[in-house]
Amino acid sequence: MLNRRNFLTAAVGVAATAGLAACAKEDSSSTGSSSGGSDTITLGFSQVGSESGWRSANTDSVKSAAKEAGYKLQFSDAQQKQENQISAIRSFIAQKVDVIAFSPVVVTGWDAVLKEAQAAKIPVVLTDRSVESDESLFATLVGSDFTDEGRRAARILEKVLEKAGHKGDVKIAQLEGTTGAAPAIERAKGFKEVMDADHADDWKIVVTQTGDFTRAGGKQVMSAFLQSNPDINVLYAHNDDMGLGAIQAIEAAGKKPGKDILIITVDGVKDGFIAMSEGKINAIVECNPLLGPQLMDVVKKVHAGETVERWIKTEESDFMQDQAKDALPTRKY
Ligand code: GYE
């Protein structure tokens, strides 16, 4: 696994080409000079899909920042399938785009296509999620520290339990993100790290399964959890959408979300904040999807052959339920 902590500032080893873009098969948009002018950067971007509110906000941010920067954007939606991302990247290489950016659906299986991009001298920028590949195959990662988000989720659960005056065993259900995706692996890892260190005796993850980062997945898996383990008293969901789906399952089972089952989620999208202001979510660990402007900045730098940091991290906060009403009007996604 790519060890995010070991990222060092390093020179971008890949020279950018100033090739013109051929006809694109995917969505394309541009506000740049006449189409394909040599000073207009053509960016090929392969998005994970449209599985969550976070993802929609991220897509909007990337599209509007590309427009703002005057780049020609070839945008491709992989519908949560790695094979679609691989073919999108191959098509960007064939079109000779200037820079490729993508948010990898899972961490493994990228070496071959990344080597093809390198052979074609097209720099690759990872955004949002990381990969388990040789670090020389991409220029940088623009995104969050998911392991730390997992740790923050455990620390905020400590506060939530205290606030609720919880006594006795903490029986946790975990709704994991997409299997093999960096945020699913790392959010589970960071949470477990704190749990093993400080709560080995009183906390236990009694059930854990993927809900694929979707509302439908969260609802379905949570309703199965409630049948197999009716004594669950905490839910840790790797994103708001799965938490929102789970809330429906909890209510359908005649229980009160936020009271009978304390709920911690990650992301901080508007719908998550609405549920939190209604008392149904107890705390949210923020993960900021508005990566577009930083991404465009980095794209310009790698295109110019400039040095960039290996990991450009996102700043984030945590929110308890009593902050939800005040924070809601200020949420940008
Ligand atoms: O938390 C989730 C989305 O990769 C950080 O993907 C992203 C995650 C986000 O589906 O809602």
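Atoms within each ligand, like the ligands themselves, are counted from 1 in listed order.
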Taking only Lys NZ, Arg NE, NH1 and NH2, and the carboxylate oxygens of Asp or Glu, determine whether D318 and K159 approach each other closer than 4.0 Å.
-> no

What are the atoms of ligand 1, with element, lying closer than 4.0 Å to any heavy atom of S52?
-> 2 (C), 3 (C), 10 (O), 11 (O)

Ligand-residue contact atoms, ligand 1 with R55, heavy atoms, under 4.0 Å = 3 (C), 4 (O), 6 (O), 7 (C), 8 (C)

R152/D145 ion pair, N-O < 4.0 Å | no

Cationic N near anionic O, under 4.0 Å, K72 to D98 = no

Check R187 against ligand 1 and report side chain, backbone, both or neither, counting heavy atoms closer than 4.0 Å.
-> side chain

So, D297 and K300, do they make that salt bridge, N to O below 4.0 Å?
-> no

Atom 10 (O) of ligand 1 sits nearest the protein heavy atom E51 OE2, 2.5 Å

Residue among K256, K280, K219 satisfying salt bridge (Lys or Arg N to Asp or Glu O under 4.0 Å) with E251 = K280

Heavy-atom contact under 4.0 Å between E186 and ligand 1?
-> no

Considering only protein heavy atoms, which is closest to atom 7 (C) of ligand 1, and at what distance to one decimal place?
-> D128 OD1, 3.3 Å

Can K301 and E309 be counted as an ion pair, charged N to O under 4.0 angstrom?
-> no

May I ask you to say whether R215 pairs ionically with D271, meaning some side-chain N is under 4.0 Å from a carboxylate O?
-> yes

Of the choices R129, M242, H238, which has the non-hydrogen atom that lies closest to atom 8 (C) of ligand 1?
-> R129

Which of the atoms of ligand 1 are close to F146, meaning less than 4.0 Å from one of its heavy atoms?
-> 5 (C)

Considering heavy atoms of the protein only, find what lies nearest to atom 9 (C) of ligand 1 and give residue, atom and distance to 0.1 Å.
-> D267 OD1, 3.5 Å

Proximal ligand 1 atoms for P183, defined as those under 4.0 Å from one of its heavy atoms = 4 (O)

